[in-house]
Novice: 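What follows is a structure written as structure tokens; I'll ask about it next.
Throughout, protein chains are lettered first and strands after them, A, B, ... in sequence-line order, and every chain is numbered starting at 1. Here the structure is a predicted model, which means the values were calculated and not measured.
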Protein chains: 2
Amino acid sequence: MEIREANEEDWPNIYPIFRVVVEQGMTYAFPENLSLEEARPWWMETPPAVTVVAVKVDVVLGSAKMGPNRPGRGSHIATASFMVEPAKQGRGVGTALGNYAVEWARTRGYRGMQFNAVVETNESALHLWKKLGFEVLTTVPEAFDHSEYGLIGLHVMYKSL
Amino acid sequence: MEIREANEEDWPNIYPIFRVVVEQGMTYAFPENLSLEEARPWWMETPPAVTVVAVKVDVVLGSAKMGPNRPGRGSHIATASFMVEPAKQGRGVGTALGNYAVEWARTRGYRGMQFNAVVETNESALHLWKKLGFEVLTTVPEAFDHSEYGLIGLHVMYKSL
């Protein structure tokens, strides 16, 4: 598995993962039913942020985006988002993307990394972020409308770099 | 003092407040040195969010914007931002805008209102939000580069509606 920066030609191969992950309704508060073009700016970043893909023999297994969490006087704290093809989960793709994002931010001098909205029932993500050194700072109550569980909390998570 | 929805003709009168508040570097993590046109999309909202102005005899004393904190499965929680002309602070403009935003969200069925980044040294804002029923859920450490104090925390605040 290789992780590299995504280019515009990768987007049609990332988009099906974006669609299925969003429409499962269990992990992301993105708009639903977005077309290829509508979804593009929600995932494909512009500098100083970047989008990357995890690929194996030219097949996209997952993707991540990372960059400053805020502009201006908040731009020294990074954030990141991750999606793994559901059929390829449990094979280390998330771990590889998570490690990549943390190293990306650390080498660029970010002081910390903040996740603004981790769904509290997303056990695999939580397990991974805790393993990478993130802690739950708080849980915003009922902030996510889960397709199965209804209104549940969103964690704010943080790791100092 | 009247609070009403802002229109495009109000923006040139809001912009000087936006500029001075951002450039004080004490309350907002917006990009600095934005032109009139560059700053517009950072403050003037599009539906379902709105931007309002507090005016007195046609003079803009302050402005606020309010809308969903996230799209999709997070869109039932509102957020809002507020700016008051520094020379007009302490005259109830912030309180009036805060009350307006909370009522705006409540009447539209939002379940709660979340502030994502309240600078921990912004005493007047903190006093006001607590008076309106907001609580500090957590403080992200060193997340704001204050022009006077350096790296300080950003509060995540929340009020159930």
Novice: So which part of B:Y158 gets closer than 4.5 Å to some heavy atom of chain A, the side chain, the backbone, both or neither?
Specialist: side chain
Novice: Restricting to non-hydrogen atoms, name the atom on B:P71 and the atom on A:F30 that form the minimum distance, rounded to 0.1 Å.
Specialist: CG-CA, 4.1 Å
Novice: Might you confirm whether atom CD of A:E37 has over 12 heavy atoms from other residues, nucleotides or ligands at distances under 6.0 Å?
Specialist: yes
Novice: Identify which part of B:Q114 has an atom lying under 4.5 Å from any heavy atom of chain A, answering side chain, backbone, both or neither.
Specialist: side chain
Novice: Looking at B:H76, B:E32, B:R73, which makes the most heavy-atom pairs under 4.5 Å with chain A?
Specialist: B:R73
Novice: If you count heavy-atom pairs under 4.5 Å with chain A, which of B:G74, B:G72, B:P31, B:A143 comes out on top?
Specialist: B:A143
Novice: Are B:V20 and B:L36 co-members of a hydrophobic cluster defined by side-chain heavy atoms under 4.5 Å apart?
Specialist: yes
Novice: As an exercise: rank B:N116, B:L154, B:V156, B:T139 by heavy-atom pairs under 4.5 Å with chain A and give me the winner.
Specialist: B:N116
Novice: Sort out for me which of A:I77, A:V140, A:D145 touches chain B most, counting heavy-atom pairs under 4.5 Å.
Specialist: A:D145
Novice: Heavy-atom pairs under 4.5 Å with chain B - which of A:G112, A:P141, A:S160 has more of them than the others?
Specialist: A:P141
Novice: Is there a continuous path of hydrophobic side-chain contacts, each under 4.5 Å between heavy atoms, that joins A:I152 to A:V21?
Specialist: no
Novice: Would the number of heavy atoms belonging to other residues, nucleotides or ligands and lying under 6.0 Å from CG of A:D58 be above 12?
Specialist: no
Novice: Which of the residues A:V119, A:L151, A:T138 is involved in the greatest number of heavy-atom pairs with chain B at under 4.5 angstrom?
Specialist: A:T138
Novice: Treat each ILVMFWY residue as a node, draw an edge where side-chain heavy atoms are under 4.5 Å apart, and state whether A:V136 and A:F144 are in one component.
Specialist: no
Novice: So which part of B:S75 gets closer than 4.5 Å to some heavy atom of chain A, the side chain, the backbone, both or neither?
Specialist: neither
Novice: Membership question, hydrophobic clusters at under 4.5 Å side-chain separation (ILVMFWY): are B:V84 and B:W104 in the same one?
Specialist: yes
Novice: Report whether A:M157 and A:L137 are members of the same hydrophobic cluster (ILVMFWY, side-chain heavy atoms less than 4.5 Å apart, transitive linking).
Specialist: no
Novice: Looking at A:E38, I'd like to know if its CD atom is crowded, meaning that more than 12 non-hydrogen atoms belonging to other residues, nucleotides or ligands lie closer than 6.0 Å.
Specialist: yes
Novice: Is B:N69 in contact with chain A via its backbone, its side chain, both, or neither, using a 4.5 Å heavy-atom distance?
Specialist: neither
